[in-house]
Amino acid sequence: MAAPYEVVITSEASGQLWNSCVWDMSSGTSLATFKGGSSNPRALCMLGNEYLLGALTNKPLIHVWTLGRREQMQLRMVCSGPVSAMDVSPDGAYCVAAVGEKIHIWQVATGNLLTVLTRHYQTVTCIKFTDDGGHFVTSSEDCLLLVWHLASILSNCHDLSRQPEPIHSWSSHSLPVTDIHVGHGGGRARVASVSLDHTCKLYDLSSGQLLCNFIFNISLTAVTMDAAEYRLFVGGTNGVIYQINLFEKPAKTEQHFHSSSSSKDSAPVFQGHSKQVTCLAVSFDDTVLVSGSNDCTVKLWDISSRQCIRTITHKGAITNVLVVPTPHSILNPDARPTFLIQQFKRNLYTPMETVADETGIQRETVDIRIKKRKMEEVKPHNENRHAELLGEMSKGEGNDTDSQARPPEDIENELKQKIEKITQINQQIYEYSVNEILHNGNKN
């Protein structure tokens, strides 16, 4: 049987059997389990496709599992308090986690705590990076959504007198924001948010403008979009998932939807959960919608027909659902990670070590992780020709042991002949370099 190209990672609140589990989407079979407590909602994420990070509920701990060693916990990070939301940059360089209303940023390669952001006033509920890792968006129970530029934060993280400010602050919601989704496009992506105030809002990340406002008659708790961003999916407290067609005409900046399927203002719905929808995800080919609920089930839906094609039962309420490409370590348990994670530090990093550059100026050192790459062996184009040239050069070296018994004129003539021969050899080497390297390189 061929290996799946994408898998579903789920976590549930009870923690009786495991913390997280990896499922095959096509067959519904369990591929791997990771034990150790239960993870908070929106606090489970992948790191470099080799590690799984989960922040425990009601404990100031972050568990780190190596995907290849399923029963062995790699690290246990101790934080200053329970983590309410967490995400990792796409390149795996930085981990952003929220402890209450404070946002901590760690450098994964060193474990250094670079900065702590204190712009929210209540507990942070969700953190999402853009696909290029240049920005991240945070939401909170204070009804705010903040957009942060990562490079600007890191450039001033050592200046304690300057508190970083977000590039956008959205305050359109009137009740706590429950979930956010960041689309594709890096700094030009679209951001969708849902709240307990019955609204789903769509923002433009580059300009900060509110593009659309969708109003329902129930509280909303989960949101996601397909890869093409044609359809928006929102989950409510009544267990129903609503589909919003973003390019449906006539286009309106504000639309009202009714939860009743018989109403003319109702949206296409996915019905099957008996309790609140907690998390949503879409497969990479935009054919399957994955949903988790407080009814202890994960359902896979066919998007075109809106029919449930598979139900995976858990022991507790579903807290996280991730759809990721199949990690190599899942298929090959003997595979080892290509990089190591350092223990996250609890105190702010203060640069102490400095090195002098070529001009003698003292500069602060920056620790980075460089991935190993296999170097290709470079062979000469014509090994025989190289050997011939080296042989001719070696023949030109004579034995001068009897030079003292020879007349000075003979020695001078012999040296002139050697110089002329070496000049000819150098010319041959130059012609070979031009013909064999430059001309052949242009042909390739």
Side-chain angles (χ1 to χ4, degrees), residues 9-22 32-67 70 72-90 92-108 111-118 120 122-129 136-141 148 176-180 182 221-222 278-279 281 292 294 314 316-322 324 341-347:
I9 302 178
T10 64
S11 65
E12 45 96 2
S14 70
Q16 296 180 11
L17 301 179
W18 29 257
N19 182 298
S20 305
C21 185
V22 182
T33 58
F34 306 95
K35 298 181 179 180
S38 61
S39 296
N40 255 337
R42 295 164 185 84
L44 183 74
C45 53
M46 293 281 294
L47 174 59
N49 210 30
E50 297 183 3
Y51 295 93
L52 183 65
L53 276 64
L56 298 192
T57 306
N58 300 325
K59 291 184 180 180
L61 295 175
I62 298 176
H63 282 182
V64 181
W65 296 275
T66 306
L67 296 181
R70 302 169 187 174
Q72 180 179 357
M73 192 180 302
Q74 182 75 6
L75 279 177
R76 183 175 297 176
M77 311 290 191
V78 180
C79 305
S80 57
V83 175
S84 58
M86 180 173 61
D87 198 11
V88 176
S89 60
Y94 301 98
C95 177
V96 181
V99 179
E101 71 279 3
K102 298 181 179 180
I103 302 172
H104 297 65
I105 301 179
W106 284 282
Q107 187 181 35
V108 176
N112 293 330
L113 177 59
L114 301 181
T115 187
V116 178
L117 307 177
T118 56
H120 283 289
Q122 295 185 30
T123 302
V124 176
T125 57
C126 191
I127 300 174
K128 294 291 183 181
F129 267 95
F136 64 92
V137 184
T138 61
S139 63
S140 171
E141 294 179 357
W148 304 87
V177 181
T178 52
D179 194 15
I180 54 178
V182 180
T221 54
T278 56
C279 42
N294 283 341
H314 293 62
I318 310 301
T319 55
N320 294 278
V321 166
L322 305 176
V324 297
I341 298 181
Q342 301 297 326
Q343 187 73 244
F344 288 176
K345 298 177 176 59
R346 300 178 61 181
N347 298 323

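Note that the CG atom of Leu47 and the CD1 atom of Ile341 stand 4.5 Å from one another [nearest 0.5 Å]. Thr10 OG1 to Trp18 CH2: the interatomic distance, rounded to the nearest 0.5 Å, is 4.5 Å. Annotation: the span from Cys279 atom SG to Leu322 atom CG amounts to 8.5 Å, rounded to 0.5 Å. Taking CD from Gln107 and CG from Leu113, the interatomic distance works out to 11.0 Å, rounded to the nearest 0.5 Å.
Among residues two or more places apart in sequence or in another chain, the side chain to side chain donor-acceptor pair (under 3.5 Å) test is passed with Thr221 by none. Residues passing the side chain to side chain donor-acceptor pair (under 3.5 Å) test with Thr138 are His120, Trp148, sequence neighbours excluded. When the salt bridge (Lys or Arg N to Asp or Glu O under 4.0 Å) test is applied to Asp179, the partners found at least two apart in sequence or on another chain are Arg42. Qualifying side-chain contact (heavy atoms from CB on, under 4.5 Å) partners for Thr115, counting only residues two or more places apart in sequence or in other chains: Ile105, Leu117, Ile153, Cys157. The side chain to side chain donor-acceptor pair (under 3.5 Å) check on Thr118 picks up nothing, with sequence neighbours excluded. Partners of Cys45 under the side-chain contact (heavy atoms from CB on, under 4.5 Å) rule, at least two apart in sequence or in another chain, are Leu53, Met86, Asp87, Val88. For Thr125, the side-chain contact (heavy atoms from CB on, under 4.5 Å) partners two or more places apart in sequence, or in a different chain, are Ser139, Glu141. Scanning for ring pair (Phe, Tyr, Trp, His ring centres under 6.0 Å) contacts around His104 gives Trp106, with sequence neighbours left out. A search for side chain to side chain donor-acceptor pair (under 3.5 Å) contacts involving Ser20 returns nothing, not counting sequence neighbours. Applying the side-chain contact (heavy atoms from CB on, under 4.5 Å) test to Asn294 and every residue at least two apart in sequence or in another chain returns Lys275, Gln276, Thr278, Ala317.
When all heavy atoms of Glu12 and Thr319 are compared, the closest pair comes out as N-OG1, 3.8 Å. Between Ser84 and Gly100, the shortest heavy-atom distance links the atoms OG-O, 3.9 Å. In terms of heavy atoms, Glu101 sits closest to Gln122 at CB-O, 3.2 Å. In terms of heavy-atom proximity, Leu44 sits nearest to Ser39 at CD1-OG, 4.0 Å. In plain terms, the two heavy atoms of Phe129 and Pro90 that are nearest each other are CB-CD, 4.2 Å. The two atoms that bring Cys79 and Ile62 nearest to each other are SG-CD1, 3.6 Å, heavy atoms only.
In the displayed structure, Lys345 atom NZ is contacted under 6.0 Å by more than 12 heavy atoms of other residues, nucleotides or ligands.
For the pairing with Cys126, the side chain to side chain contact (heavy atoms under 4.5 Å, CB included) check across Val177, Thr178, Ile180 returns one residue only, Ile180.
Annotation: side chain of Phe136 is not in contact with side chain of Val182 (no heavy-atom distance under 4.5 Å). Side chains of Lys35 and Asn19 form no contact here, defined as non-hydrogen atoms less than 4.5 Å apart. You'll find the side chain of Met77 stays beyond 4.5 Å of the side chain of Leu61, heavy atoms only. In this structure, Thr66 and Tyr51 have side chains that are in contact, with non-hydrogen atoms separated by less than 4.5 Å. In this structure, the side chains of Asn320 and Ile9 stay at 4.5 Å or more apart for every pair of heavy atoms.
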